[in-house]
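The first residue in the sequence is number 1, and the count goes up from there. When a ligand or atom number is given, it counts from 1 through the structure's own listing order. Keep in mind that this is a model prediction, so the values were computed, not measured.
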Amino acid sequence: MNFQLTEEQEMLRKMVQDFAKKEVEPTAAERDEEERFDRKIFDKMAELGLTGIPWPEEYGGIGSDYVSYVIAVEELSRVCASTGVTLSAHLSLASWPIYKYGNEEQKKNFLYRLATGEALGAYALSEPGAGSDVASMRTSAKLDGDHYILNGSKVWITNGGVADIYVVFAKTDHDARHKGISAFIVEKGTEGFTFGKKEKKLGIRSSPTTELIFENCRVPKENLLGNEGDGFKIAMSTLDGGRNGIAAQAVGIAQGALDAAVNYAKEREQFGKPIANNQGISFKLADMATEVEAARLLTYQAAWLESEGLPYGKASAMSKLFAGDAAMRITVEAVQVFGGYGYTKDYPVERYMRDAKITQIYEGTQEIQRLVIGRMLTK
Ligand code: CAA
Ligand code: FAD
């Protein structure tokens, strides 16, 4: 057993750290305040090859692995969780199902554009009445000659409105629950495809979350992903890996909050000495650091399993469950270490705390992760 990252993974971490420090961190608070997505940041990630980390070069990727991918999401989220989820949704939710289930033509076209960062991706599963209960979705797709006609709406879509390529799930057979769902690749600009409400959120405010509306939207039948009826399995297997991307986001947020708390505890003096010299504070920091490390190990392990072609669904649900809860606890404690200053926008820890909450909700709530893990243990 070897817990050491490879030279290539270490180099990627350093490159992403430098990029995050120089190009992402300086505007993170301002973008959060203004709820502003910055496409230029995504374009720069593309220049560095981050938008296609695990995909083979023939599909526009850099032929690396899933450990490198989670390292990238972690390091981005360490300074800006919105930027972390932009990459995570693009790569593990929009690109992965095309890599896994797409035919050669779909990979050469859509995956290539996603991997090179020419196009930004999004994944559209959730609906107003179908969040945890995916199979109850109502968006429909009916074959009409050479096209599928999509009708309905999707909500909460990360990268919604700004993305170019959407993996959209719809019912091709309303009477069959899971087996009646199919997956489609839908391009921005397709007739009948528009955007609705943009959510005003507690956290990850510079990541747009938007409603998608389909009104007699005509999608070429070549854009069906897999076969009719494969949609539920495509959606679930995509989430198996996607959840580990959110675990990585949670690890990054937690590490960022810990870094800030350690620095502050060494500098802030009360009663004539740094607050870090109180055991009450240093024990808090020790617990936070231990939890970050445990969350990181679960996350890297799940990514390693996926890279090795071993089963990773349970490991990924566990990493997301543990890392999400750890990030929430750690960021609350980081605000506590900062005292009153932590409650203001003068320091980044209040943003980390707001951002951490989403990691317990999306890509399946923590309750759904327990349901997934529980079913795997007992099936
Ligand atoms: N891979 C392949 N197949 C799977 C699977 C998986 N991981 N999980 C289930 N299936 C198969 C089952 O084997 C079963 O197949 P058969 O019918 O052939 O037996 C079928 O799918 C139905 O499975 P279940 O009975 O387990 O389905 P369910 O209706 O009970 O739902 C669930 C299971 C886990 C609760 C699922 O609905 C779920 O994951 N809900 C949460 C939704 C979610 O995570 N949404 C995230 C949206 S994306 C997002 O949020 C983006 C972001 O963060 C940026
Ligand atoms: P509900 O399913 O209504 O759940 C409400 C509560 O009931 C939760 O606490 C839940 O855990 C609990 N609950 C439900 N069922 C059970 C059960 N069986 N056992 C125990 N407890 C249960 N979706 C996409 O498709 N693509 C995206 O890009 C995307 N990005 C998102 C970004 C943001 C910022 C947000 C907020 C959401 C995003 N989502 C996205 C949707 C997200 O995945 C859902 O919000 C999430 O799956 C929960 O669904 P829901 O909000 O409908 O809650």
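- Within a 4.0 Å radius of atom 5 (C) of ligand 2, the protein contributes no non-hydrogen atoms.
- In terms of polar-atom proximity, G364 is counted as a contact of ligand 1, with an N or O under 3.5 Å from an N or O of the ligand.
- Contacts between W156 and ligand 1 below 4.0 angstrom, taking non-hydrogen atoms only, are absent altogether.
- Scanning the protein heavy atoms around atom 54 (C) of ligand 1, the nearest turns out to be T158 OG1, 3.4 Å.
- Contacts with ligand 1 closer than 4.0 Å are made by side-chain heavy atoms of V372 only, the backbone lying farther away.
- Contact annotation for L93 and ligand 1: only side-chain heavy atoms (C-beta onward) come within less than 4.0 Å of the ligand.
- There is no protein heavy atom less than 4.0 angstrom from atom 19 (O) of ligand 1.
- Remark: atom 24 (C) of ligand 2 lies closer than 4.0 Å to at least one protein heavy atom.
- A cation-pi arrangement is absent between K179 and F232 under the rule of less than 6.0 angstrom and at most 45 degrees off the ring axis.
- Of the N or O atoms in S132, one or more lie within a sub-3.5 Å distance of an N or O in ligand 1.
- Atom 19 (N) of ligand 2 lies below 4.0 Å from none of the non-hydrogen atoms of the protein.
- Of the protein's heavy atoms, at least one falls inside 4.0 Å of atom 36 (C) of ligand 1.
- In the candidate list R243, R375, K179, H178, K179 is nearest to atom 16 (P) of ligand 1, counting heavy atoms.
- Scanning all protein heavy atoms for the shortest distance to atom 12 (C) of ligand 1 gives K233 CE, 4.8 Å.
- Per-atom contact check: atom 14 (C) of ligand 1 does not touch the protein, criterion being a heavy-atom distance below 4.0 Å.
- Between K200 and E35 a salt bridge is recorded (basic side-chain N to carboxylate O distance below 4.0 Å).
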